[in-house]
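Just so it is clear, the structure is predicted and the values come from calculations on it, not from any experiment.
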Amino acid sequence: MYPLYYVLVTIASIIALVGTIVIARNVMKPENTTSAEDDAKQLKDDHNNSGSIPLLTTIYVITFAVTLILVWIFII
């Protein structure tokens, strides 16, 4: 039964890692703004976009919850 738990933890960790890498690549993409007007317009539009923090938080909350559940199972 323990190998199943190890597999679950490994899968959850890999999913969290892949999700983090995908988000980081999206953040690192170069932007093609060429003028001050474009920069100002982008900043105005960004206040509606909350960024990647909620998605990263969700990924790590799920990973932490799975880890806590598995630790609880090992203790009992």
Considering residues at least two apart in sequence or located in another chain, which fulfil the side-chain contact (heavy atoms from CB on, under 4.5 Å) criterion with Thr57?
Ile53, Val61
Which side-chain hydrogen bond (donor to acceptor under 3.5 Å, both in side chains) pairs, counting each pair once, include a residue from residues 60-70, with sequence neighbours left out?
Thr20-Tyr60
If hydrophobic clusters are built by linking Ile, Leu, Val, Met, Phe, Trp and Tyr wherever their side-chain heavy atoms come under 4.5 Å apart, do Ile62 and Ile14 end up in the same one?
no
Only counting residues at least two apart or in another chain, list the ones meeting side-chain contact (heavy atoms from CB on, under 4.5 Å) with Ile21.
Leu17, Arg25
Do Leu8 and Ile69 share a hydrophobic cluster, counting only Ile, Leu, Val, Met, Phe, Trp and Tyr and linking them when any side-chain heavy atoms are less than 4.5 Å apart?
yes
Let's go through Ile23 and Ile59 carefully: what are the C-alpha distance in whole Å and the side-chain angles of both, what is the deciding distance for side-chain contact (heavy atoms from CB on, under 4.5 Å) to 0.1 Å, and is it a yes or a no?
CA-CA 11 Å; Ile23 291 170; Ile59 288 171; 4.0 Å; yes
